[in-house]
2 protein chains.
Amino acid sequence: METVEKLTKTLRNHGMKITPQRLMIFKILENNTSHPSAEQVFKRVKKIYPTVSFTTIYKTLETLRDLGEVQELIIDEDRKHYDPNTDTHHHVICSNCKKILDVFEDFSQHVKLPDTLKKDYTVSGFQISFHGICKDCN
Amino acid sequence: METVEKLTKTLRNHGMKITPQRLMIFKILENNTSHPSAEQVFKRVKKIYPTVSFTTIYKTLETLRDLGEVQELIIDEDRKHYDPNTDTHHHVICSNCKKILDVFEDFSQHVKLPDTLKKDYTVSGFQISFHGICKDCN
DNA sequence: CATTATCTAACAATCATTATTATTTAAATT
DNA sequence: AATTTAAATAATAATGATTGTTAGATAATG
Ligand SMILES: [Mn+2]
Ligand SMILES: [Mn+2]
Ligand SMILES: [Zn+2]
Ligand SMILES: [Zn+2]
């Protein structure tokens with residue numbers, strides 16, 4: 001995700017409005033490495049704007065995803081998680097508490113779609129999900 | 001997944017019953033490489049047992065998952081998919097039609113959790129999801 | 001064949017997410 | 001600064017996948 005400042009311009013360039021709710025969501029996401037779910041974002045926004053609607057969170061996350069500003073992570077079977085870091089990177093998730101940490105290693109030299117499948121799929125990228133148990137859950 | 005024959009014994013060893021509905025689900029899954037969703041399994045069972053309940057499909061898939069006989073794939077944001085192949089392998093999914101194909105390459109020599117994270121997570125494995133567009137969807 | 005624990009099917013409930021819409025508001029225009 | 005208007009918000013309902021409940025059916029055992 002861009003800085004909140006640049007993101008503001010990006011939205012305006014797309015004819016979108018900057019609202020206090022959106023600004024709060026941007027600030028929560030900026031440099032956020034916790035991979036929050038929509039609900040976790042909602043709870044934090046609610047502390048400042050108690051009347052905020054869940055719909056606003058979902059719509060804003062959808063907007064950011066469509067702009068390519070956040071990545072939607074499909075890794076927790078129960079809910080989607082959002083990642084403002086859109087650089088190629090990977091994750092490790094705890095099967096118990098679903099805590100997600102970043103894995104910043106470049107596997108691109110070794111992880112490639114086999115040639116036999118290249119004729120069937122035009123691949124845009126890949127994601128690696130490590131599964132395990134975090135130290136808090138033992 | 002084991003053969004239907006062996007699986008039958010496994011279930012009996014666990015005090016579980018072999019019903020016609022379950023046998024049909026087992027047969028549908030045996031050697032199935034299409035990564036069906038619960039609904040796709042349901043539709044196929046329904047052709048033979050028109051009165052089968054969706055609950056039976058879900059319960060049976062849950063049972064097979066808990067026995068370690070099928071893998072639940074979290075890769076399509078809309079629904080879970082089921083894979084009778086429980087050997088470590090990976091997948092490529094079409095972002096458009098959600099068709100999933102197997103990727104049988106052993107990346108385990110190169111894909112490892114970085115040492116810096118080893119103290120935080122006890123990893124049981126990893127999954128690679130290649131994303132792209134299949135040839136049918138261009 | 002009788003017993004019994006498990007399974008099925010019908011149904012309801014849950015929960016994350018999406019759709020709808022009246023009201024509000026950002027921000028461009030006068 | 002007031003007016004205008006397209007877009008966003010919030011409230012609410014709807015959706016759809018999945019899970020929970022339970023009474024009746026059935027597989028398995030002796
Ligand atoms: Mn990340
Ligand atoms: Mn597979
Ligand atoms: Zn944990
Ligand atoms: Zn496709």
Side-chain angles (χ1 to χ4, degrees), chain A residues 4-5 7-26 28 35-67 69-70 72-82 98, chain B residues 4-5 7-26 28 35-67 69-70 72-82 98:
Chain A
V4 173
E5 195 185 3
L7 187 49
T8 296
K9 288 177 188 163
T10 301
L11 286 193
R12 290 222 174 90
N13 287 341
H14 284 260
M16 294 167 172
K17 293 178 179 174
I18 309 303
T19 64
Q21 293 91 334
R22 284 185 166 178
L23 268 179
M24 178 57 45
I25 295 171
F26 298 168
I28 285 168
H35 309 93
S37 64
E39 191 190 11
Q40 288 169 323
V41 174
F42 175 61
K43 282 183 174 164
R44 287 194 54 189
V45 176
K46 225 181 169 187
K47 286 182 180 168
I48 311 297
Y49 300 103
T51 64
V52 74
S53 156
F54 220 138
T55 311
T56 301
I57 310 299
Y58 275 113
K59 280 273 160 58
T60 302
L61 289 171
E62 181 189 38
T63 298
L64 288 172
R65 182 201 59 194
D66 291 349
L67 288 171
E69 295 289 339
V70 302
E72 212 168 55
L73 299 183
I74 311 301
I75 176 172
D76 175 351
E77 63 182 347
D78 293 326
R79 49 185 60 76
K80 293 170 184 168
H81 290 259
Y82 294 87
K98 310 302 173 67
Chain B
V4 174
E5 194 185 2
L7 187 48
T8 296
K9 288 177 189 165
T10 301
L11 286 192
R12 291 221 174 91
N13 287 342
H14 284 261
M16 294 166 170
K17 292 179 178 174
I18 308 303
T19 65
Q21 293 91 335
R22 284 185 167 179
L23 266 179
M24 178 58 45
I25 295 171
F26 298 167
I28 286 167
H35 309 94
S37 63
E39 192 189 9
Q40 289 170 322
V41 174
F42 175 61
K43 282 182 175 164
R44 288 194 55 189
V45 177
K46 226 181 167 185
K47 286 181 182 169
I48 311 297
Y49 299 103
T51 64
V52 73
S53 156
F54 221 138
T55 310
T56 301
I57 310 299
Y58 275 114
K59 285 273 159 62
T60 302
L61 289 171
E62 182 189 38
T63 298
L64 288 173
R65 181 201 60 195
D66 291 349
L67 288 171
E69 295 289 339
V70 302
E72 211 168 56
L73 298 183
I74 310 301
I75 178 172
D76 175 352
E77 63 183 345
D78 294 325
R79 49 187 60 76
K80 293 170 184 167
H81 290 257
Y82 294 87
K98 312 302 174 68

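Keep in mind it's a predicted model, so treat the numbers as computed, not measured. All chains are named by letter (A, B, ...) in the order of the sequence lines, taking the proteins before the strands, and each is independently numbered beginning at 1.
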Can you check whether [X] has a side-chain N or O nearer than 4.0 Å to OP1 or OP2 of [N]?
X	N	value
B:Gln21	D:dT26	no
B:Tyr58	D:dT18	yes
A:Thr19	D:dA8	no
B:Arg22	C:dT6	no
A:Arg79	C:dT17	no

Under-3.5 Å donor-acceptor pair between [X] side chain and [N] base:
X	N	result
B:Thr56	C:dC7	no
A:Lys80	C:dA16	no
A:Thr60	D:dA8	no

What I'd like to find out is whether the side chain of A:Tyr82 reaches to under 4.5 Å of the side chain of A:His35, using heavy atoms alone. no

[X] has a side chain; which of [options] sits nearest to it?
X	options	answer
B:Thr51	C:dA9, D:dA8, C:dT20	C:dA9
B:Lys59	D:dA10, D:dA28, D:dT21	D:dT21
A:Val52	C:dA27, D:dA10, D:dT26	D:dA10

Would you say the side-chain atoms of A:His81 pair up with the backbone N or O of A:Leu73, donor to acceptor, closer than 3.5 Å? no

A:Glu62 has an atom CD; how far is it from atom P of C:dA19, in whole Å? 7 Å

Spacing between B:Lys9 atom NZ and D:dT29 atom P, to the nearest angstrom: 13 Å

Could you check whether B:Pro20 gets within reach of a base, just the sugar-phosphate, or nothing at all, counting any heavy atom under 4.0 Å? sugar-phosphate

Distance-minimising heavy-atom pair for B:Thr60 and B:Arg22: OG1-CG, 3.9 Å

Note: B:Glu39 and B:Phe54 closest approach over all heavy atoms is CA-CZ, 3.6 Å

Please figure out whether B:Gly15 or B:Thr55 has its closest DNA chain C nucleotide nearer the 5' end. B:Gly15

